[in-house]
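For reference, the structure is listed below as structure tokens.
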Amino acid sequence: PLLQFRNWGVPVGNGWSSTSNNAAFGTDYFARTAIARSNILVNAPLETKSLYQDLDADGNRLNGANRYTLTFPKGQTPPADGFWSLTLYDAHHFFVPNEIDRYSLGTKNRDLQYGADGALTIFVQADPPPEAQRSNWLPAPNDDFSLYLRAYWPQIPIIEGSWVPPAVEKQP
């Protein structure tokens with residue numbers, strides 16, 4: 001249960017959860033232990049806001065046997081003055097070796113492709129998507145996995161929780 005985010009933290013919407021007491025756990029020993037087991041450490045919320053996801057929009061465990069999308073509407077990528085990243089980890093919270101050595105996508109990826117409507121869709125799946133979508137592909141394992149969304153130097157909407165990440169949608 002320590003490696004399943006739905007068992008700890010605070011729900012923030014669309015199946016994502018986060019912690020509200022980063023770097024100041026007090027007597028929240030379960031969250032402290034879970035973070036130590038999965039992340040090693042966390043920064044104070046004003047430095048980094050991390051959000052976690054194990055489930056798709058229908059409440060099913062994320063698994064590489066399926067294809068998923070995560071679509072940020074125009075102007076709705078994570079609000080951060082530093083940078084943001086979406087990182088994929090296996091069920092044990094390790095990077096997953098893949099053919100393109102890509103473990104995250106975000107602000108630092110200068111080749112992300114936005115749709116005609118200005119939306120950013122990230123494709124999370126084990127097999128490569130069509131060539132036109134490859135710059136937005138986050139390779140998944142064939143097994144269970146988790147997603148971490150981190151905002152470095154987060155803006156007030158993400159700190160206060162008025163900004164919520166989009167749901168992870170399973171594709172047909």
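Predicted model, so just to flag it, every value in this text is computed and none were measured.
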Does [X] use its side chain to pair, donor to acceptor, with the backbone of [Y] at less than 3.5 Å?
X    : Y    : result
Q113 : D111 : yes
R102 : W137 : yes
T107 : W84  : yes
Q53  : L55  : yes
D90  : H93  : yes
D54  : R61  : no

Checklist entry - Yes or no on side chain to side chain donor-acceptor pair (under 3.5 Å) for K49 and S18, after CA distance, side-chain angles and deciding distance? => result CA-CA 8 Å; K49 186 65 173 174; S18 187; 3.2 Å; yes
Next on the checklist: side-chain contact (heavy atoms from CB on, under 4.5 Å) for L147 and Y52? Distances and angles first, verdict last.
Outcome noted: CA-CA 6 Å; L147 295 172; Y52 316 103; over 6 Å; no
Next on the checklist: Run L70 and T121 through side-chain contact (heavy atoms from CB on, under 4.5 Å) and show every step you take.
Outcome noted: CA-CA 6 Å; L70 190 76; T121 298; over 6 Å; no
Checklist entry - Which atom pair, heavy atoms only, marks the closest approach of L105 to S135? => result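 Looking at all heavy atoms of both residues, the shortest contact is CD2-O, 3.7 Å.
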Below 3.5 Å, can you tabulate the donor-acceptor pairs from side chains in residues 123-133 to any protein atom, sequence neighbours excluded?
residue : atom : partner : partner atom : Å
Q125    : NE2  : D127    : O            : 2.9
D127    : OD1  : R67     : NE           : 3.2
D127    : OD2  : R67     : NE           : 3.2
D127    : OD2  : R67     : NH2          : 2.3
E131    : OE1  : R134    : NH1          : 3.2

Item to check | Stepwise side-chain contact (heavy atoms from CB on, under 4.5 Å) test for W163 and I156 | outcome: CA-CA 9 Å; W163 180 87; I156 296 300; over 6 Å; no
